[in-house]
Amino acid sequence: MEHIDLFPLILSFQVAFIATVIGFVVGLPIAWWLGQSKRRWVEVFDSLLTLPMILPPTVLGYYLLVLVGRNSVIGQFFESLGLPLVFTIRGVIIAATLVSIPFFIKTSRAAIEGVSKDLLDAARVLGRNEFEIFFYVIIPNAWRGIVAGLVLMFARALGDFGTTLMVAGSIPGVTMTMPIAIYNSMLAGEQEKANLLVLIMTATAFMVLIVINLLHRKDWRDSS
């Protein structure tokens, strides 16, 4: 164990946590808006948000490089502030957030849409505004789906490989996350390190599935 560098493991969990927090703050209002809006073009917007779930990681990484790379307007703006985005920890966080937030939005939207319309109408009849309905009616009734979305988002951010590699590279001690470390370990013939990291990733994925199954089981019991 002494010769195994745990930095990629620690970095991966830190990045997954930060990406999950960012995804929660940004994604929950979007999920609520998507769940409440009746306009048809909303589905086009939803499809755009879902694209990172199905696009190849290299394609997603290419789009990110075009958007926040050193030759882009956004990239040059942050470069002028002394905060470059690509090949830094900020690039890792951006990549992890982009690939994981659709999982949270889709799951949360489904949970929000599952809240009884009668409850929402009753709250409006009682004079509650949309802000109060969101916090006192929607969140308490959709929280299990929201938590399941957070768990999925964390797991996806933890396991991202291709997009992170395209945007942040594989810099030891800086941007090398656990999936990239596994890949590099296999290339370098470091079987023991690769085995440990693979075991941790597998255990994490298994725990995620258990949490989601427990939440769904609880939902099923409550609805029966």
Side-chain angles (χ1 to χ4, degrees), residues 4-31 45 47-106 149-188 190 193-194 196-198 200-201 204-205 208:
I4 293 180
D5 180 14
L6 293 180
F7 175 82
L9 173 64
I10 297 171
L11 176 64
S12 292
F13 275 95
Q14 289 175 336
V15 168
F17 176 77
I18 295 172
T20 302
V21 172
I22 295 173
F24 175 74
V25 173
V26 176
L28 188 58
I30 295 175
F45 184 70
S47 299
L48 287 174
L49 292 174
T50 308
L51 269 179
M53 295 175 68
I54 58 175
L55 279 177
T58 50
V59 175
L60 193 58
Y62 174 82
Y63 280 131
L64 261 183
L65 282 177
V66 171
L67 184 65
V68 303
R70 286 170 178 162
N71 294 325
S72 68
V73 174
I74 296 176
Q76 290 180 353
F77 172 74
F78 279 93
E79 291 269 355
S80 67
L81 297 178
L83 300 170
L85 299 179
V86 294
F87 303 111
T88 66
I89 182 65
R90 287 176 287 277
V92 180
I93 294 172
I94 291 172
T97 304
L98 183 66
V99 301
S100 62
I101 195 170
F103 292 86
F104 175 65
I105 292 176
K106 296 293 285 186
L150 287 174
V151 175
L152 278 173
M153 182 165 54
F154 182 87
R156 182 65 185 86
L158 188 67
D160 182 61
F161 173 74
T163 309
T164 299
L165 189 62
M166 287 281 289
V167 177
S170 174
I171 306 174
V174 181
T175 64
M176 185 186 291
T177 59
M178 193 152 54
I180 297 174
I182 293 172
Y183 178 74
N184 288 344
S185 297
M186 292 300 296
L187 288 182
E190 299 173 346
K193 180 179 179 180
L196 174 63
L197 297 180
V198 166
I200 293 172
M201 291 292 290
T204 302
V208 166

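Applying the side chain to side chain donor-acceptor pair (under 3.5 Å) test to residues at least two apart or on different chains, none of the pairs has a partner in residues 87-98. For residues 160-182, the pairs satisfying ring-ring contact (aromatic ring centres under 6.0 Å, His included) are Phe161-Tyr183, with sequence neighbours left out. Here side chain to side chain donor-acceptor pair (under 3.5 Å) pairs that include residues 48-68, with residues two or more places apart or in two chains, number zero.
Rounding to the nearest 0.5 Å places CD1 of Ile22 at 6.0 Å from CD1 of Ile93. Residue Ile101 holds its CD1 atom at 4.5 Å from CD1 of Ile105, rounded to the nearest 0.5 Å. Atom CG of Leu158 is separated from atom CD of Gln14 by 12.0 Å, given to the nearest 0.5 angstrom. Interatomic distance, Leu9 CG to Ile200 CD1, rounded to the nearest 0.5 Å: 4.5 Å. To the nearest 0.5 Å, atoms CD1 (Ile180) and CG (Leu197) are separated by 12.0 Å. To the nearest 0.5 angstrom, Ser100 atom OG is 5.5 Å from Met153 atom CE.
With sequence neighbours excluded, the residues that form a side chain to side chain donor-acceptor pair (under 3.5 Å) with Ser170 are Asn184. In this view, Glu79 and Arg70 satisfy the side chain to side chain donor-acceptor pair (under 3.5 Å) rule, not counting sequence neighbours. Evaluation of the side chain to side chain donor-acceptor pair (under 3.5 Å) rule for Thr177 yields no partner, not counting sequence neighbours.
The two residues Met201 and Ile182 have their closest heavy-atom pair at CG-CD1, 3.9 Å. Taking each heavy atom of Met166 and Gly61 in turn, the nearest pair found is CB-CA, 3.8 Å. Nearest approach of Leu11 to Met176, heavy atoms of both residues: CD2-O, 3.5 Å. Considering all non-hydrogen atoms of both residues, Ile89 and Val174 come closest at CD1-O, 4.4 Å. Of all heavy-atom pairs between Ala16 and Ala157, the closest is CA-CB, 3.9 Å. Of all heavy-atom pairs spanning Val86 and Gly69, the tightest one is CG1-CA, 3.8 Å.
Using a 4.5 Å cut-off on side-chain heavy atoms (C-beta onward), Val167 and Phe87 make no contact. In this structure, Pro102 and Leu49 have side chains that are not in contact, with every pair of non-hydrogen atoms separated by 4.5 Å or more. Inter-residue side-chain proximity for Phe154 and Phe104 is flagged as unmet; no heavy-atom pair is nearer than 4.5 Å.
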- Give the intermediate values and the outcome of side chain to side chain contact (heavy atoms under 4.5 Å, CB included) for residues Phe17 and Val21. CA-CA 6 Å; Phe17 176 77; Val21 172; 4.0 Å; yes
- Item | Pair Arg156-Met53, side chain to side chain contact (heavy atoms under 4.5 Å, CB included): steps then yes or no | CA-CA 10 Å; Arg156 182 65 185 86; Met53 295 175 68; over 6 Å; no
- Task: For the pair Val68 and Phe78, evaluate side chain to side chain contact (heavy atoms under 4.5 Å, CB included) and give the outcome as yes or no after the intermediate values.
- Result: CA-CA 9 Å; Val68 303; Phe78 279 93; over 6 Å; no
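Of the possible donor and acceptor atoms, one in the side chain of Ser72 sits under 3.5 Å from a partner among the backbone N and O of Leu67. Side-chain atoms of Thr175 come within 3.5 Å of backbone atoms of Ala168 as a donor-acceptor pair (strictly under, hydrogens ignored).
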